[in-house]
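As structure tokens, the structure follows; a few thoughts come after it.
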Amino acid sequence: MNIENFKPLEGLSYKDVFNKQVALEFMYEPQAKEVFDNFDIDCFADQEEFKKYAWRVTEELCESLEALDKNEKNHVYEELLDGFNFLIELVNMCGYTADDMDFSEKPMSGDLRMDILKTIEELGLAANCLKNRAWRQSQYLVDMYVFERRLKNTFNLYLNLLRTKMTDKEIISCWSLKYQVNLFRIQTKY
């Protein structure tokens, strides 16, 4: 089963995308609901969860770079859309909704590779705000001003990566196809 087997869902907004993606995450990983509901950015265990989700995003960004190297343009954006799903889950885990995100259009450099790497860097800088480590006796509070700015900037950079090829309507439409594939896979235990 793949995206060719479905029709795009109509009339969705980014707010709908956020809500549906997080609900899908809880179907796929039911234990995540407790983490999301009780997430504490200052807690070591939850910082590790953040980093786990950040890695999922990073891995998809790197897969898009690999597709770019192979000159597989459509596959680049398929991987970017996969990572977008994980990014939505990541920001939601931190307590942010679509209403909290920056959806403004900002120009990218025009060099897709550099723009992807810039997005990875910004996500890495957000994760770098999390300083609690298993070996430390004392725990450190997160500088929420810096963390939030970096995470929201990561989201905006990521969205504008997608916009280098697609309109917002196309992004949501393509997302809805992948959503339906993932929903089918969960429901059928594919």
Side-chain angles (χ1 to χ4, degrees), residues 1-41 43-67 72 74-101 103 116 119-120 122-124 126-127 130 147 151-152 154-159 161-162 166 168-190:
M1 191 63 58
N2 57 42
I3 62 174
E4 287 81 26
N5 299 105
F6 295 95
K7 291 187 166 102
L9 300 175
E10 298 294 326
L12 296 177
S13 66
Y14 278 116
K15 191 172 197 167
D16 297 321
V17 168
F18 263 68
N19 293 336
K20 287 181 176 301
Q21 184 60 44
V22 172
L24 188 72
E25 161 63 3
F26 296 155
M27 283 185 241
Y28 181 66
E29 293 181 294
Q31 71 280 8
K33 181 145 180 44
E34 184 176 339
V35 173
F36 280 47
D37 288 347
N38 299 300
F39 187 78
D40 178 357
I41 194 70
C43 169
F44 168 72
D46 289 348
Q47 287 184 6
E48 292 298 300
E49 281 295 314
F50 177 93
K51 291 173 185 177
K52 180 175 85 174
Y53 277 79
W55 174 249
R56 291 175 180 179
V57 175
T58 303
E59 187 172 29
E60 297 298 337
L61 286 165
C62 290
E63 287 176 10
S64 70
L65 286 171
E66 182 177 38
E72 299 170 347
N74 288 337
H75 192 62
V76 169
Y77 288 90
E78 183 180 331
E79 297 299 344
L80 288 175
L81 278 166
D82 288 345
F84 189 59
N85 293 340
F86 291 131
L87 183 59
I88 289 169
E89 294 165 5
L90 176 66
V91 299
N92 189 270
M93 181 175 62
C94 294
Y96 302 110
T97 67
D99 292 334
D100 299 312
M101 293 295 105
F103 287 90
I116 291 170
T119 306
I120 292 170
E122 194 66 21
L123 179 57
L130 312 180
F147 173 77
L151 186 59
K152 288 180 179 182
T154 299
F155 180 85
N156 184 262
L157 285 167
Y158 208 114
L159 183 60
L161 276 174
L162 293 170
M166 298 179 266
D168 286 330
K169 185 176 180 180
E170 291 168 330
I171 293 168
I172 292 170
S173 177
C174 289
W175 172 88
S176 78
L177 294 172
K178 188 68 175 196
Y179 167 79
Q180 291 174 87
V181 169
N182 289 335
L183 185 60
F184 172 82
R185 290 175 177 172
I186 292 167
Q187 291 172 339
T188 62
K189 300 185 185 336
Y190 172 78

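Computed from a predicted structure; not experimentally measured.
- Side-chain contact between T119 and V57: absent, with no pair of heavy atoms (C-beta onward) separated by less than 4.5 Å.
- With sequence neighbours left out, the side-chain hydrogen bond (donor to acceptor under 3.5 Å, both in side chains) criterion links N19 to no other residue.
- Under the side-chain hydrogen bond (donor to acceptor under 3.5 Å, both in side chains) criterion, E63 pairs with no residue at all, not counting sequence neighbours.
- Using a 4.5 Å heavy-atom threshold, the side chains of D99 and F18 count as separate.
- Under the rule for a side-chain hydrogen bond (donor to acceptor under 3.5 Å, both in side chains), E78 has no partner lying at least two apart in sequence or in another chain.
- The structure places CE of M101 at 9.5 Å from OG1 of T154, a figure rounded to the nearest 0.5 Å.
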task = Determine, step by step, whether K20 and L24 satisfy the side chain to side chain contact (heavy atoms under 4.5 Å, CB included) criterion, reporting the C-alpha distance in whole Å, the side-chain angles of both residues, the deciding distance to 0.1 Å, and the verdict.
result = CA-CA 6 Å; K20 287 181 176 301; L24 188 72; over 6 Å; no

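- Residues passing the ring-ring contact (aromatic ring centres under 6.0 Å, His included) test with F44: none are found, sequence neighbours excluded.
- S173 places no side-chain N or O within donor-acceptor distance of the main-chain N or O of K169, the cut-off being under 3.5 Å.
- Remark: N38 pairs with no residue by the side-chain hydrogen bond (donor to acceptor under 3.5 Å, both in side chains) rule, at least two apart or across chains.
- For Y96, there are no ring-ring contact (aromatic ring centres under 6.0 Å, His included) partners, not counting sequence neighbours.
- When the side chain to side chain contact (heavy atoms under 4.5 Å, CB included) test is applied to L9, the partners found at least two apart in sequence or on another chain are L12, S176, Y179, Q180.
- Side-chain atoms of V76 and L80, non-hydrogen and from C-beta on, do get closer than 4.5 Å to each other.
- In this structure, the side chain to side chain contact (heavy atoms under 4.5 Å, CB included) partners of N74, at least two apart in sequence or on a different chain, are K165.
- A pairwise comparison of heavy atoms in E170 and M166 identifies OE1-CA, 3.2 Å as the closest pair.
- Atom-to-atom distance recorded for T97:OG1 and K15:NZ is 6.5 Å, nearest 0.5 angstrom.
- Under the 4.5 Å side-chain criterion, counting only non-hydrogen atoms from C-beta, L183 is in contact with Q187.
- One finds the OG atom of S64 at 7.0 Å from the CD1 atom of I120 (value rounded to the nearest 0.5 Å).
- Atom NZ of K52 sits about 14.5 Å away from atom CH2 of W55, to the nearest 0.5 Å.
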task = List the steps and the verdict of side chain to side chain donor-acceptor pair (under 3.5 Å) for Y53 and E25.
result = CA-CA 12 Å; Y53 277 79; E25 161 63 3; 2.4 Å; yes

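- Considering CG of L157 and NZ of K152, their distance stands at 14.5 Å, rounded to 0.5 Å.
- Of the possible donor and acceptor atoms, none in the side chain of E122 sits under 3.5 Å from a partner among the backbone N and O of L151.
- Within 6.0 Å of the CZ atom in F103, the count of heavy atoms belonging to other residues, nucleotides or ligands exceeds 12.
- The shortest distance between side-chain heavy atoms of L61 and Y158 falls below 4.5 Å.
- The distance from atom CG of L130 to atom CD1 of I41, rounded to the nearest 0.5 Å, is 4.5 Å.
- Residue pairs meeting the salt bridge (Lys or Arg N to Asp or Glu O under 4.0 Å) criterion with at least one member in residues 53-62, sequence neighbours excluded, are E29-R56.
- With sequence neighbours left out, the ring-ring contact (aromatic ring centres under 6.0 Å, His included) criterion links F50 to F147.
- The 12-atom threshold is not exceeded at CD of E34, counting heavy atoms of other residues, nucleotides or ligands nearer than 6.0 Å.
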key: Test side chain to side chain contact (heavy atoms under 4.5 Å, CB included) applied to I172 and D16, step by step   = CA-CA 9 Å; I172 292 170; D16 297 321; over 6 Å; no

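- With sequence neighbours excluded, the residues that form a salt bridge (Lys or Arg N to Asp or Glu O under 4.0 Å) with D168 are R163.
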request  = Show your working on side chain to side chain contact (heavy atoms under 4.5 Å, CB included) between L159 and Y14 and close with a plain yes or no.
outcome  = CA-CA 11 Å; L159 183 60; Y14 278 116; 3.3 Å; yes

Which donor-acceptor pairs under 3.5 Å do the side chains of residues 81-89 make with protein atoms, sequence neighbours left out?
| from | atom 1 | to | atom 2 | distance (Å) |
| --- | --- | --- | --- | --- |
| D82 | OD1 | K178 | NZ | 3.4 |
| N85 | OD1 | W175 | NE1 | 2.9 |
| E89 | OE2 | Q21 | NE2 | 2.7 |

